[in-house]
Each structure stands twice: as C-alpha cells, then as structure tokens.
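Here is the structure we will look at, set down as structure tokens.
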2 protein chains.
Amino acid sequence: MTELLTRNILNHITLSNKKLENFCNLFNNKEVLKKHFLLREGEICKFEGFVTKGLFRVYHIDSNGFEQVLYFAQESWWITDIDSFTNEKPSQLYIQALEDSEVLLISKKDKEFAYNNIPKIEKLFRVMTQKTHIALQRRIIDNLSKTADQRYIDFIEKYPNLFQRLTNVQIAAYLGISHEFLSKIRRKIASKK
Amino acid sequence: MTELLTRNILNHITLSNKKLENFCNLFNNKEVLKKHFLLREGEICKFEGFVTKGLFRVYHIDSNGFEQVLYFAQESWWITDIDSFTNEKPSQLYIQALEDSEVLLISKKDKEFAYNNIPKIEKLFRVMTQKTHIALQRRIIDNLSKTADQRYIDFIEKYPNLFQRLTNVQIAAYLGISHEFLSKIRRKIASKK
DNA sequence: ACAAAACATTGAACTAGTTCAATAAATGAA
DNA sequence: TTCATTTATTGAACTAGTTCAATGTTTTGT
C-alpha cells in the first residue's frame, strides 16, 4: 500500500529501510469517492497527503464565484493546503476528488515527530518544497508571458495523461480562461492540422 | 554588517549565538551598483543572497523580448535563482540592482556545509521556502482571478514602500500589463478620489 | 433503459488590455 | 547648464479573451 510512497521518497533522498518504514507507518490510508471533498474552504487543513490512486483538483473560488484550479494531483503527487496546514488557519481552498481516489494522510503532529526523529525527513520536505517552488515560478512567468493558446499546448505536452483524464472545464480553470474560449482554441488548433 | 541577517534568521528559527555567528561568517558582502547585474540569463547562479541595502529586480525576458518581473527584493529579502542554484543549470533569469545595493552572499558549498553541520539551518530554509511557496500560490490565484486594476491596488497596499521606490514600468512588468495600460489605470483611480 | 445533469461547441456582442505613435516631464551624465 | 535618456501620459485602432444564450452530445444515477 505504501509502495508508491516509498518509491517517491527514495526519488528525493536516501533513507535506510527501517527509517523508511517508520516514516511510512505514520500515514493512514483514506478512500475519497468521486466528487467528495478532502478539504473545504474555511476548514483547517489537518493533513498532508500522498495520492496513491485517482485524481484530485485543488482549487479556489473567487469573490465572483469563479473557480481557479491551483493544481491537479494524480498518483504520486502530494496534496495539502500548505498555508492552512502550516499556520493552522482556515483554508481558502477546496480539495476534491475527480475520480474515485485513495490517499495516504499524515497529521501535523506525526510530521513534526518525523522531523524531530528522522533528520532526513526535514531534507525530504525541503527538497520537495523547493521543486514545487521552481514549478510555481515557472507557472507565474508562463501566465504572464504566454498566450492562452500556447499555455494550452504546453499543458497537453507536459501532462498528456492528465489531459486525457480531465474535462475542458477543469483545464480551462487551470489555464485561467473561460471554457468557451478553450473550445475555440481547440477548434483553431484542430483546423490547423 | 550581518545584523539584519541575524534578525531575519531569528524571525524564523531559534539558534544559539555561536551557531548564528558561525553561519553568518559563511557570507561575503558584495556591493552592486545601480543597473549592474548579480546574475544574467545563461549563467549558473552560484549564490544565495540576502539584501542588506538597496533594491533588486528578478526578471525574465520572454521570446518576444518582454520583461516579466518575478519579484523585487529590498532590504531583508533573499535573492537567488533557486532552480539554477539547486540544479546547477543555466539560469533563465536576470537579477539587477535598481539602486546602489549591498548583498550578503553564500556559496552552494558553504550552504551545504551549514546544512550538514547546523541542522537548524535545514529547518530555516525549509520554513522560508514554505513561506515563499505560500506567497507564490497566492500570486497565481490573484493573477488568474483579479483584474489588473485590483492587482495594482493590492500591490500598493501590500508593498507601499516598494511602490514609492519603483517606476511604473517596473510595476507594470510585475503585474503583467503594459506600462501604458498601468498609466490609464492610475488615471482612472485618481479621478475617482 | 430513461431522465436529468454535466459537458462541449458555436456565434454575436462586448470589455480588458495591447500596440503604436506622439508629446511632455523628470532624471542623469558630462 | 545642457543634451540625451528614461519615464509618464494620452488617444486611436486593434486583439485576446469574456459573456450570454442557444443547441447538441455525453455521462450519470436509478
């Protein structure tokens, strides 16, 4: 059950089998059915999660009622509201399963325990946060400099499998455009081929 | 000379005076005159820096020749290209002083040394990276959901002192709009008061 | 297998933001 | 002080993206 997780950890750091097992034992498995929520706006995010099956969307609803997708999380992705989790304040985000999913959850207390007892875990999360950080910077630049057409093409190239599992409404919410406009972009691209 | 730095560190973690001093001694002071560069596209970023005086812009030039500002760094801000620095690959960013500035620099080797010999430093950078991460997420959501008017108003409220030190060209490059349009936004806001 | 709901496409009218060119004001270097 | 450069403002024409409403298609729940 924690096989994907151990593989993911060893991708970032080296760790003895025993410590790896100790750390993995801090996680609890949870099933989340399609359309069900792992987190809702206003709640305090009590977990950090690792997706072992299925697909989630992490999104925000703005003051006009529009949904913005911050990111999608499929198998081997981590999900949490880092702001809510770290600072124990109400979340501004929703985390919802887009397919029947399973996720391994660790609590704040257990994560702190791991930080204090397995120093390499501090490194693991520093390295992972850094990678996410790089990806976020990249996305800000892309959002500022690229046209919606190009961002859509980039998305398909970068996440071909996500692209197949998502509706255009979801992709448009990630790209920051209306789904009608995405539809027009798709037509334009299709006619060029 | 490292007073701002020690204060900044103690804002994030607790650390004995001796370890604090050891860590601070790993930094070298560097003067960067207005318009001079700390980093250029294509170079490998060899440092992580802490600004003690002045103001920098961290920006990218896209394929159409437009400049996008990723962030500004004034006193007590950290600057680096984390992607280039961490992965030792050519940078896509420019870091330029907008005023006569001073910055404390630490090399990758010395930072690794600190990670290995002062465990709290690992925590320091994890905590800081996490905070930046939260801010970047916030910015992505704002860029997707807010109109340029609102982003400009938010910027002024959030960074009133930066606002005074920056030209409209720089602010527009941060907001992701043309400086002409920013000028029109300013007129509109002014006429409403 | 059926009805209801969610999804995708399209066109027409609209709006936010760009581009280009002209002009004035502020700043900087010698 | 002066000349050159950067900065800010403005208007007019344009373009990328939105909004709304209509229509057909697919998926879902029962």
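In what follows, chains carry the letters A, B, and so on, assigned in the order in which the sequence lines appear, proteins first and then strands, with residues in each chain numbered from 1.
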5′-ward residue of the pair B:K35/B:G176 relative to DNA chain C: B:G176
Output side-chain donor-acceptor pairs under 3.5 Å for residues 55-71 of chain A, partner residues at least two apart or in another chain, one line each.
{"residue": "A:R57", "atom": "NE", "partner": "A:Q170", "partner atom": "OE1", "Å": "3.0"}
{"residue": "A:R57", "atom": "NH1", "partner": "A:Q96", "partner atom": "OE1", "Å": "2.5"}
{"residue": "A:R57", "atom": "NH2", "partner": "A:E67", "partner atom": "OE1", "Å": "2.3"}
{"residue": "A:H60", "atom": "ND1", "partner": "A:Q92", "partner atom": "O", "Å": "3.1"}
{"residue": "A:D62", "atom": "OD1", "partner": "A:N64", "partner atom": "N", "Å": "2.8"}
{"residue": "A:D62", "atom": "OD1", "partner": "A:G65", "partner atom": "N", "Å": "3.1"}
{"residue": "A:D62", "atom": "OD1", "partner": "A:F66", "partner atom": "N", "Å": "3.0"}
{"residue": "A:D62", "atom": "OD2", "partner": "A:Q68", "partner atom": "NE2", "Å": "3.2"}
{"residue": "A:Y71", "atom": "OH", "partner": "A:T80", "partner atom": "O", "Å": "3.2"}

Value in whole Å for how far the C1' atom of D:dG17 lies from CG of B:N143: 16 Å
Gap between atoms CG and P, on A:N64 and D:dG17 respectively (whole Å): 19 Å
Separation of atom NZ in B:K34 from atom P in D:dT6, rounded to whole Å: 12 Å
What integer distance in Å separates B:L33:CG from C:dG28:P? 14 Å
Among A:R7, A:R165, A:K53, which residue satisfies the salt bridge (charged side-chain N to carboxylate O under 4.0 Å, His left out) criterion with A:E75? A:R165
Between B:R151 and B:D142, is the salt bridge (charged side-chain N to carboxylate O under 4.0 Å, His left out) condition met? List the steps. CA-CA 7 Å; B:R151 273 163 23 232; B:D142 287 352; over 6 Å; no
Name all residues meeting the ring-ring contact (aromatic ring centres under 6.0 Å, His included) criterion together with A:Y174; count only those two or more places apart in sequence or in a different chain, and write none if there are none. A:F72, A:F155
List the protein contact pattern of nucleotides 7-16 of chain D with one symbol per nucleotide (5' to 3'): B for base contact, S for sugar-phosphate-only contact, - for none; contact means a heavy-atom distance under 4.0 Å. -SBBBB----
Starting at CD of A:E67 and ending at P of D:dT18, how long is that distance when rounded to a whole Å? 15 Å
Any cation-pi pair here, B:K46 with B:F85, using under 6.0 Å and within 45°? no
Using atom CD of B:E99 as one end and atom C1' of C:dG28 as the other, report the distance to the nearest whole Å. 16 Å
Rounding to a whole Å, what distance do you find between A:L98:CG and D:dT28:P? 12 Å
Looking at B:K184 and B:E180, is any side-chain nitrogen of the basic one under 4.0 Å from a carboxylate oxygen of the acidic one? no
If I take atom CD1 in residue B:I177 and atom C1' in nucleotide D:dG17, what distance separates them, rounded to the nearest angstrom? 16 Å
